[in-house]
Novice: 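Here it is: the structure, laid out below.
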Amino acid sequence: MKGKIRSQRRGFTALSRRDFLRTTALAGATITLGNVSSGSLAREVAAVPISTPTWVDKPMRWAQLTLVEDDPGKFEPQFWLDYFRRTRSDAVCLSAGGCVAYYPTQIPFHHRSQWLGDSDPFGQLVAGCRNLGMVVIARTDPHATYDDVHDAHPDWIAVDASGNKRRHWASPEMWVTCAHGPYNFEFMTEVKKEIVARYGVDGIFINRWDGSGMCYCEHCRKTFREASGRDLPRTTDPQDPARRAYILWRQQRLFDLWQLWDREVRKINPNSCVIPNTGGGATSSLDMKTIGELAPTLIADRQARRGLTAPWANGKNGKEFRAALGRKPIVGIFSVGLEEPHRWKDSVQSDAEIRIWVADGIANDLRPWFTKFSGVLHDQRWLRVVEEIYRRHAGWEKYLRNEVSLARVGLVYSQQTAWFYGGERAGARVEDHTLGWYQALIEARIPFEMVHDRLLDAGHVDRFKALILPNVAALSDSQCRQIHEFVGRGGSLIATYETSLYDEWGVRRNDFGLADLFGVNFKGGPEGPMRNAYLRLEQDRTNPLLKDLEDAQRIIHGVWRLDVHAREKFSNPPLTLIPSYPDLPMEKVYPRVGRTDKPEVYLRELKIQNARAAQTELSRSAVSTRRDSNDRDAPLLTSRLAYFPWDIDRTFWEVLCVDHFKLMRNAVEWAANEEPPVTVLGPGVLDVTVWQQKRSMTVHLVNLTNPMMMKGPLRELIPIGPQKVRVRLPSGRSPRRVHLLAANETPRVKRAGRYLTLTVPSILDHEVVAIDL
Ligand SMILES: [Zn+2]
């Protein structure tokens with residue numbers, strides 16, 4: 001297996017991008033990006049299936065105790081064991097080794113806690129947790145080391161761009177280690193083997209295992225040159241060939257490392273695994289599709305809010321991970337402290353802040369994992385609130401083992417767009433578009449899931465009626481083809497700005513890859529940043545896109561737009577361009593062009609006949625025979641396509657203008673073209689999710705209504721209500737009982753066909769409508 005990976009790496013070296021594209025085009029490969037890097041790895045893995053440890057689906061509530069070096073002898077293990085029991089935690093992650101060993105390690109250079117003496121606090125905690133019947137995984141952190149290692153193995157230390165070995169930025173007596181060389185591949189492998197062999201833990205959680213920025217050490221220079229034929233990049237421009245190669249090489253190296261560690265611990269305990277602390281959304285650096293294939297379970301590490309962050313950000317993490325992991329259990333780490341860049345690691349947040357953050361994760365199918373640093377507590381206020389959250393969670397458990405989300409809208413995210421089109425500005429150019437849609441969908445109370453752009457096959461997307469592409473600029477030809485096929489099967493589409501204008505490497509095309517779906521060709525641009533530009537709302541106010549804007553004449557435009565040319569006639573466009581005009585001096589602030597015929601949204605409706613036949617895997621002749629015989633009876637599917645040639649989503653995230661919100665909500669409702677699985681009417685801001693379990697379904701309502709919704713820890717929970725809920729039952733299922741879990745009440749329910757209507761009188765933080773089926 002190893003030899004094969006090596007040879008594929010050589011293959012990557014030898015191929016230029018053009019050669020590569022030609023080869024894959026001939027081979028009819030699906031997603032070209034995958035063939036260069038992580039995809040090849042994923043195929044290797046598929047060839048040697050890794051079994052899922054039998055414990056992974058069992059734990060619902062996780063605890064993490066990260067010891068600090070002076071804890072041994074000072075902290076009370078029994079205090080923690082009691083707390084794990086009281087919180088009904090069924091799994092735990094405990095500090096074992098790496099930077100500090102909390103057990104009597106025999107491995108040279110594995111630094112024992114200076115306070116360890118003859119004790120074994122890790123072993124003591126493991127035994128105690130086993131007595132409680134808990135799953136136990138050991139935490140290691142390899143990112144920093146000491147002078148003795150620096151002196152004996154100088155090549156284990158990370159090197160900066162100027163060639164200097166790197167001191168640790170926060171603990172300057174320590175050194176930063178290289179992630180891609182023998183420190184991780186050899187030394188840390190021995191550490192993991194020793195921990196699993198001595199304590200038989202169920203897994204190893206690897207924290208900060210993937211490096212601390214670019215490393216220019218001798219190993220990185222040599223390995224990268226062997227793989228790519230190049231020197232390590234000195235630029236962050238993703239269009240630089242060395243940077244592009246580095247983005248892929250780093251991933252390959254880390255996936256190799258993860259697999260090496262995983263193989264080695266499984267040799268000792270076959271029912272264990274290595275769980276990397278990794279993953280995320282578009283701006284995360286390791287390919288989530290490959291991660292989803294490799295990981296039997298995964299931990300989403302977004303511990304709390306910082307700066308401007310909406311409380312739905314925890315749920316977003318759950319959606320991003322689920323897009324890649326499917327039904328594998330996903331756990332959400334939350335801390336109890338402030339998570340600002342100033343890093344008050346021993347701080348404690350308000351009760352309300354912790355409750356809402358965790359509730360939004362739970363509503364989005366994250367299993368909670370609290371993390372606490374330091375066995376000696378400096379502030380105990382968090383203990384009670386986490387205990388309350390966990391005990392409630394335990395009480396609701398049978399309704400929290402979700403089988404499937406019933407959402408009908410998918411929001412696509414694209415790591416390749418962030419890597420190769422966004423580069424250093426991926427936050428503004430990529431992620432802000434997604435955040436705009438996320439906020440709009442929350443405000444609109446439309447349940448939705450996220451979709452990974454490398455998982456656009458029918459199996460992943462056909463449960464959605466509509467997909468949203470928020471400036472998903474970088475798409476390969478085959479990804480565009482998959483989107484075509486989705487539309488061909490009756491799926492609807494909303495896309496913005498430069499979606500599909502670039503290939504998967506971030507190289508601009510002459511035209512949109514999805515031009516024929518959008519109904520427009522690229523003409524020029526981008527134009528911007530525009531100031532003082534507007535949208536004229538045209539006379540036809542029956543257009544569904546203008547719902548709730550009936551009395552508006554014009555609304556603000558965005559900041560960036562493209563010039564496009566319609567390929568067909570778009571009659572009665574609802575929005576047209578009013579170009580920028582001066583915003584100063586005030587005497588000059590008058591429109592130079594009051595009206596244009598430039599549509600700023602392109603709406604199309606496609607009638608598709610007999611899409612199901614085209615979908616079958618039958619031979620072409622069989623399909624055409626079926627078509628001939630079935631055409632007249634086949635139902636007509638309607639696919640709706642909305643393309644905004646400007647940054648409505650990014651501008652919405654920046655400005656949060658309610659007019660843009662209405663356009664976005666209306667576009668989704670129009671594209672979905674069906675009654676949503678759940679509607680919730682009432683005041684406030686709610687995150688609404690809808691799930692099916694084996695014998696029940698649930699609607700989660702998380703109350704985000706708060707003056708501190710976008711910034712600052714919440715001060716208090718502010719109840720909202722009443723909320724009128726209308727929910728669609730899964731087909732063929734009847735409700736046996738409806739219950740409000742938080743209120744512990746049975747509401748009055750009206751049933752009409754597949755729909756139930758009920759009123760939730762009040763929501764404090766998190767209510768769950770549980771329907772037994
Ligand atoms: Zn290095």
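Both ligands and their constituent atoms are indexed starting at 1 by order of listing.
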Novice: If I take every N, O or S atom of Cys217, is at least one of them less than 2.8 Å from the Zn ion (ligand 1)?
Specialist: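 Looking at Cys217, which is the residue asked about, there is an N, O or S atom under 2.8 Å from the Zn ion (ligand 1).
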
Novice: Under 30°, 30 to 60°, or over 60°: which ring-plane class applies to Phe122 and Tyr103, parallel, tilted or perpendicular?
Specialist: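 Phe122 and Tyr103: tilted rings.
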
Novice: Are any of the side-chain nitrogens in Arg208 or Asp210 under 4.0 Å away from the carboxylate oxygens of its partner?
Specialist: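 Salt bridge absent between Arg208 and Asp210.
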
Novice: Quick check against the 3.5 Å criterion: does Arg367 have a side-chain atom that pairs as donor or acceptor with the backbone of Asp57?
Specialist: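 Yes, the answer is positive, given that a donor and an acceptor are paired below the 3.5 Å cut-off.
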
Novice: Does a side-chain N-to-carboxylate-O contact under 4.0 Å join Glu218 and Arg221?
Specialist: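 No salt bridge links Glu218 with Arg221.
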
Novice: Would you give the angle at the Zn ion (ligand 1) between Cys215 atom SG and Cys178 atom SG, to the nearest 10°?
Specialist: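 The angle at the Zn ion (ligand 1) comes to 110°, rounded to the nearest 10°.
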
Novice: For the Zn ion (ligand 1), does an N/O/S atom of Cys220 lie at less than 2.8 Å?
Specialist: yes

